Amino acid sequence: MKLNLPKGILFLLLLVHVLTPRAQAQTTPVKGTVRNEKGEIVPGATITIKGRPTNAVTDQDGNFTIQAPPGAILSISAVGYAPFEQKLNGRTTLDVVLQLKAAELSDVVVVGYGTQKKADLTGAVVAVTGSEMNKRIATDPTQLLQGKLPGLSLTQGSGEAGNEGLTLRVRGLGTNSSAGSSPLIIVDGLPGSLSALDPQNIESVTLLKDAASAAIYGTRAANGVILVTTKTGSSGRLQLSYDYNIGITRPSALPDNLIYNSAQYMTLWDTAAAHSGYPNKFTQAQIDLYSNPGRDKHLYPDYNWLNALMRTVVVQNHHLGITGGRNGTTYNIGLGYVDQPDIMLGFSYKKYNLQINLTSKINDFVTFGGSLTMNYSKRLYASRGSQDMFLSDLSQSPMYGPKLPDGSGRYVNSVFPSVQTPNKNPIAIAENALVNNNEYYIQSSLYLNVRLLKGLDWRTSGGFNFDYNKIYDFKPVINQYNWFAGPNDAPERTLDVNGQGEIVTDTTTIYPVGYTQLTYNKTIGDHSLKVLGGAQVEYNKGQILVGTRNTPFASNLAQELNAGPAGSQVANSTSSEWSLRSFYGRLNYDYEEKYLLEANARYDASSRFPPGNRWGLFPSVSAGWVLTKEKFLDDVSWLTNLKLRGSWGRLGNQNISNYPYQYTYTSTNSYNGNTQYAYSFSGNTLNTGLAQNGLKNPGIKWETTRVIDIGADITLLNKLSLSVDWYNKLTYDILYQPNIPGYIGLTPATVNNGKMRNTGVEASVQYSDNIGQVRYSVGGNIQANKNTLVKFGAPQITSNNTINIEGQPFGSFYMLQWVGIYQSAEDVQKSPNQMSNPQPGYMKFKDVDGNDSVNANDRVIVPGVFPKFEYSFNASASWKNFDLVVFLYGSYGQKQYASGWGIQPFNQGSPPTKDWLNAWTPQNHSTTMPLIYITGQGNASSNISTASTYYLKDASFLRIKNVQFGYTFPTAIVKHLAMSSLRIYFAGDNLLTFTKFPGLDPERALGNGNVRFVVHPQNQVFSFGVKAVF
Amino acid sequence: MQQHTIKYIAYSLLVLLCSCSKDFLNKNPTDQIPDRSFWKTQADADAGLTAIYSYLIQGYNYTSSTNTGQGWGSGTPYWETLTDNAYSGAFGTIATGAIEATTGTIQSDAYNTPYKAIQACNTFLANIANVPLDAATMNRYIGEVRFIRGYYYFLLTQLYGDVVLSFRPLGKDSASYRLPRTPKAVVIDSILSDLNFAAANLPNTAYVGHVVRGTALGYIAKVYLTMRDWQDAAATANTIKTENKFSLYTGGYRGLFLKPGQNGNPEIMFSGRYQVPNAYSPADYLYTYSSSFQPVSYLVNDYECTDGLPITSSPLYDPNNPYQHRDPRLLATVLVPGVLYKGGIPFVPAALGASAGFLNKKGVDSTRATVIGTQSDQDWVYLRYAEVLLMYAEAQNELAGPDSSVYNAVNAVRGRPGVNMPPLPAGLSQDSMRTRIRHERRIELALEGQRYFDLKRWKLDRVIIPTIKDPSGAFRTFPLWDTLWPVPQSEIDLSKTYNNTAFKQTPGYN
């Protein structure tokens, strides 16, 4: 483990200390007490002076003292209470009464093309603040949304640094469309990337779940919309803040019961080989080399390959923030740096981020502002990915290590190649052959707001995203030797580095967007009216240039293309474009803030559809009724707020390939993606070929999702808030590439076909109160979704052991039902005929159709491809200067199909788990472990490896996602350091997981698609952090 | 800032947003040609023709993520892993003889690849009339394309019997999705019609990369041989002989399969032509890096000694030096232990896990150091004049017995320059001659992907395959129906999707 504490921090602290002006205007001490409306004292409340860095915290008796000029405005805040401001007007004592926060009803929420008071919302909208998100530490802010927004399901595919495989689903898998089912992400009003942001720069994130709230985004809103707002500055003196976090990171789970005892491994191998009819066995002499207790363990080790690849690393996050403003102009600047070595050797991720936000109010009529995100990241990874590294590592046997025992540093290929040839040496890959991925990303937006008349605003905004990605995939020539090779022995093979030579890939995307809109607000008596209308255009162009030299370079030291042999060079480039033009509008009306009505519409045209089908209209309506504003509920004092909501609307999806309707002739063969329709008739010159490789659909149009939502928001006693939603989401005209008969000889066209329904319930509850001096808040979310394929056509069975069939969830597991293990020859004979000539110790599968023969027709649908529900709990408490946050996240009812390395024995030589010591033998009649075999060899493997429920593992889990314990230093101490506040904290991520899933982390990409057990594990992090404000 | 300045900025933004041209929403592929602009010039016809030929080298490509193509291009030898010539551990159950509808790999590739090529042929034939060409040129283009269509249908019908037969591009109409499998006899008629058109319209010259009249005649002979139409087979093969455009290569047997000997080679009549770095094959890597393809001892032991006697009776055979004094074609075809390969490393089977003890050498450049991704450029040979001679001998022997023309044809192959095996003994019976010819075919064409189809037409697959003991120690099996293959299960599933009741699985596989 390497600890790299930057020396710069100390210097920075010193610098800030020197530069911070300490001269203050004449101040006098002001004393006071803070109580709540019940008269109870409030400890831990923060008192700040507006426009000054000074602050104070109330003690356990609710008392505070602060130095303040006579005319100052004190601002008092405490968790769970509404903020309070008081002008001193010369007073030196001040008793403050704080009001419990009325479930944040007065809060303003960001919605599509504007903001809205939370009290006035009629659609299904949830939001989370940046400060709430930042209670956890993550390098990608998307991860922080997990469990925070009911209705949003976030699955983290792995813990791989910079490549976490995050899947976002709003209210279930909305469609099986090739247009995708990920939500639209809008940053500061324009389509953008959430991952590119530094978490510290986020002000809030809003999720638009139903059609009423999302319809204003039209053809791209079907899978929900996530609105991200970055922090703008606050007026006042320049404030500097610095955040630092250091996290000790290790795998959340690793198999701990693999057999890494060489002699035991070899003996088991020979037994397995006998069962599998495999001729390659270890001789007794070979085994003896490893079983002798007095042997040279350097030459004949019991090598644990997991320890060679997996490591504990230190991850660091820095964030420097500058905010302030005067004369109507405010700014917020953030500079972030993430240094994230991966728990897997060699992999790493670094990210540098600069965020600049500026707002300027020029006069009473004109405001303009903008935000700019600049990001540079560098990621190192193996060209075949982390899963391949993991399985290559598991394919190694314990009889040798990664490098020769002679100390020459040469890499090992195998030890007894006549018996087994393992996969590539992962340590050699990690140390030599990593892809270097550099990404330069800019996300920008600028707006101008003009107040034309009272109530009439004209807002115009434009911006662009620019992404430049440069990937170096250099493939060095690395020799691999036999473990026992002498100094002059030839290598056994060269390391598989996924080709040879080098590939350099440049990808550029430019994505400008602009909109202009008018909003009009008018209140006449009890009637309030708000009208919005606007137009938007978008254009996206992606370009790729790939340069390759395909033969080995003379040296591994010079790694630009020019250093390689030019005779094998190939250049490719292509580009693609799409564009959208849209008109949108919204109408809000309310009567006495009691009866609420909203209507949205968007009219979109996409270049992806033929002219006749280009335009689509997406309307929605919603209504709300605030019952607590009715007279008949005036007397019910415990009911603070009760609102019923309902909505209906239609959304679109058009995110398919760019040219689905034009028949063309292309030089790229669909046979396998990297070949051309080129042929060398003469053997000397290459002729270019052109052909049609796919069918097109001249009648294609967008797919539509209809959502109905009914919900209620309730607040009781000002302490307990509850929100519940029920929804029914139906997607139809699904854009889908169906399989077509092979004899047609072309790739299929995208068609509009199929229907999918998602129904579900979401609820969130939060309770805040205090016991004596302890303020606490507890709450939770739960979401349950049911996915059903309503219309699909004839069932489709996929190669991932899943089936798409009407009436079932999309991609349901489909496989043989495992019913036990053959215990005797008689047992085999009595049972229905099975494939692979079963023997005692083989698996027995159920003859579902009862025809006395087990084959593909006996496969059954097994539930569990999606979780039944996902849930989270949060609890926070503060006492004096201490605070504690606990966050739990769980998922229930999903299964994962897990096979191959780590589950099946001797897959490419992979060590079996100790469970296999108890495998079936004629003496040991196990009913859970079949006889030991060599995966991929003989009938035993054919039988036992057959896709069955045996490999379907319960992947439900509940985990302590995060615990954070913090301490805020008293102002009296901090001010000597020229700080206005200083907080330190300890945090733990993924501390404990409750699950039945064996060996590795159950949190992974959902069942459909990945059938391997080995997946890069999630990270367990123990971190320490500092937040200093100057 | 002045009020009018702000307005100016705002107005220009507005103008910018709304002034986009009419074409703003009309986006077309930037690297492809719209179909209505194609089929206008001879260059278009050439590009279309090139794309069709490119299927001849769509083979096993290790750098591709899909790894498809066993059986095609440089993956052609993989057919022999289904015979007593070779073994592939990579094939799972198919290598043990059991071919199922769900087997995959070569089984699904064999089905899908020809149809892709056939679709490209039919698209070409449906559009070529739009290109202004004189009649002779037009017929030469059509001849080449019809040859390739016939070639792929011939592959298909040998494997599946009845296949979906179409002479028009498929996919745009619903009828395309409900086609039945056409009876094999009709398919064969169509193949012969395509090949005969090609033979009548292609130039009668040596092979130069484009197929020629001789190529078409060679496949006509092959079709007749497969149909046991000895008369037509012998006559067609004889036509090739008498037209005298091809001859046995004098530069050495092994040179036929390596790049330096291939351009302008008088023996090669049809091949897949490779060129690095854009159209390369993985051959050198594929056959030396791992041991996914291994010749087996059944083949090695079938090579005679230089005296023309089998190893069981030749006095020249030394079990301790088993590769000495053998038919020179053995060491040109099979990599045996101790021989240098991979640019100069001695071959040790155990170091590679080559449990059968041998690797492929035919079409493999031993002087090339191979790593994953090594690019090879040797052409893969699909038809050569030696096979025409052997086809003639086989047909003529069946038709008229072992006359002198039969002897001459076989002895020409045995005695070819660089091989110089002694002539067949005189006075062989028709049956003995048949055995000799079949042996000669196995040796001369070993690992060229022929033996699987030979065993099928000789109906020897069911006899020989169950006698093969694999390196694993297990015997292969041969379920009787395996002489025809099942179409992939996914095709049966799809026929239900499209309600195509006319499309049926091969009998025996339900």
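Remember, predicted model here, so these are calculated numbers, not experimental data. Labels below follow one simple rule: chain letters A, B, ... track the order of the sequence lines, proteins then strands, and each chain is numbered from 1.
Most heavy-atom pairs under 4.5 Å with chain B: of the set Gln937(A), Lys696(A), Arg614(A), this distinction falls to Arg614(A). Interface summary for chain A: among His210(B), Glu491(B), Lys496(B), Arg36(B), the most heavy-atom pairs under 4.5 angstrom belong to His210(B). Contact tally against chain B (heavy-atom pairs below 4.5 Å) for Ser573(A), Ser568(A), Ala749(A): the top residue is Ser568(A). Of the listed residues Tyr539(A), Tyr278(A), Trp578(A), the one with more heavy-atom pairs under 4.5 angstrom with chain B than any other is Tyr539(A). In terms of heavy-atom pairs under 4.5 Å with chain B, the best-connected choice from Ala691(A), Ala678(A), Ser276(A) is Ala678(A). Between chain A and the options Ile118(B), Leu170(B), Ile33(B), heavy-atom pairs under 4.5 Å are most frequent for Ile33(B). Among Asn500(B), Asp31(B), Val348(B), Leu179(B), the residue making the largest number of heavy-atom pairs under 4.5 Å with chain A is Leu179(B). The candidate with the highest count of non-hydrogen atom pairs below 4.5 Å against chain B, out of Thr421(A), Ile740(A), Asn939(A), is Ile740(A). Between chain A and the options Pro277(B), Gly209(B), Pro346(B), heavy-atom pairs under 4.5 Å are most frequent for Pro277(B). Ranking Tyr177(B), Phe503(B), Tyr111(B) against chain A, the residue ahead of the rest is Tyr177(B), based on heavy-atom pairs under 4.5 Å.
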> Given Val477(A) and Gln500(A), is the side-chain contact (heavy atoms from CB on, under 4.5 Å) satisfied, shown in steps?
Replying inline: CA-CA 8 Å; Val477(A) 179; Gln500(A) 54 184 11; 5.9 Å; no
> Checking side-chain contact (heavy atoms from CB on, under 4.5 Å) for the pair Ile797(A)/Arg859(A): CA distance, chi angles, key distance, verdict?
Replying inline: CA-CA 10 Å; Ile797(A) 299 162; Arg859(A) 290 175 288 183; 3.6 Å; yes
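Taking OG of Ser667(A) as the start and CG of Leu690(A) as the end, the distance is 6.0 Å to the nearest 0.5 Å. Considering CG of Leu746(A) and OH of Tyr115(B), their distance stands at 14.0 Å, rounded to 0.5 Å. Atom CG of residue Leu49(B) and atom CD1 of residue Ile52(B) lie 6.0 Å apart, to the nearest 0.5 angstrom. One finds the CG atom of Asn482(A) at 5.0 Å from the OG atom of Ser414(A) (value rounded to the nearest 0.5 Å).
When heavy atoms are compared at a cutoff of 4.5 Å, Phe38(B) approaches chain A solely by way of its side chain, counted from C-beta outward. Contacts between Arg549(A) and chain B at a heavy-atom distance below 4.5 Å are absent for every atom of the residue. At a 4.5 Å heavy-atom cutoff, the contact between Thr666(A) and chain B is made by backbone and side-chain atoms alike. Interface remark: Asp493(B) contributes side-chain atoms only to the contact with chain A (heavy atom separation under 4.5 Å). Residue contact with chain B, scored on non-hydrogen atoms closer than 4.5 Å, is absent for Gln543(A). With a 4.5 angstrom heavy-atom cutoff, Tyr743(A) touches chain B via backbone and side-chain atoms both. Asn684(A) touches chain B through backbone and side chain together, each having a heavy atom under 4.5 Å away. Heavy atoms of Thr688(A) lying under 4.5 Å from chain B belong exclusively to its backbone. Only the backbone of Arg178(B) comes within less than 4.5 Å of a heavy atom in chain A; its side chain stays farther off. When heavy atoms are compared at a cutoff of 4.5 Å, Asn280(A) approaches chain B solely by way of its side chain, counted from C-beta outward. Contacts between Ser682(A) and chain B at a heavy-atom distance below 4.5 Å involve the backbone alone (N, CA, C, O). For Ser271(B), the part lying under 4.5 angstrom from a heavy atom of chain A is the backbone only. Only the backbone of Val208(B) comes within less than 4.5 Å of a heavy atom of chain A; no side-chain atom from C-beta onward does. Heavy-atom distances place the side chain of Leu695(A), and not its backbone, under 4.5 Å from chain B. For Thr123(B), the part sitting under 4.5 Å from any heavy atom of chain A is the side chain, from C-beta outward, and nothing else. Both the backbone and the side chain of Glu577(A) come within contact range of chain B, with heavy atoms under 4.5 Å apart. Looking at Pro748(A), neither its backbone nor its side chain comes within 4.5 Å of chain B, counting heavy atoms on both sides. Looking at Ala605(A), the atoms closer than 4.5 Å to chain B (heavy atoms on both sides) sit in the backbone and in the side chain alike. Using a 4.5 Å cut-off between heavy atoms, Gln569(A) touches chain B through its backbone atoms (N, CA, C, O) alone.
Residues Asn479(A) and Thr494(A) have side chains that never bring a donor and an acceptor to within less than 3.5 angstrom of each other.
In this structure, Gln275(B) and Asp377(B) have side chains that are not in contact, with every pair of non-hydrogen atoms separated by 4.5 Å or more. Residues Ser576(A) and Thr30(B) have side chains not in contact (no heavy-atom distance under 4.5 Å, counting atoms from C-beta outward). Contact check for Val537(A) versus Leu580(A): no side-chain heavy atoms found under the 4.5 Å cut-off. In this structure the side chain of Cys121(B) never reaches within 4.5 angstrom of the side chain of Tyr153(B), judged on heavy atoms.
Between Tyr53(B) and Phe681(A), the gap from one ring centroid to the other is short of 6.0 Å.
The aromatic rings of Trp615(A) and Phe583(A) sit parallel, their planes meeting at an angle under 30°, below the 60° perpendicular limit. Ring-plane geometry between Tyr677(A) and Tyr55(B) is classed as tilted, the angle between the planes lying from 30 to 60 degrees on a 0 to 90 degree scale.
Salt bridge absent: Asp496(A) and Lys475(A) never bring a charged side-chain N and a carboxylate O closer than 4.0 Å. Between Arg451(A) and Asp364(A) no salt bridge is recorded (no basic side-chain N to carboxylate O distance below 4.0 Å).
For the pair Arg459(A) and Tyr447(A), the cation-pi test (distance below 6.0 Å, angle within 45°) is passed.
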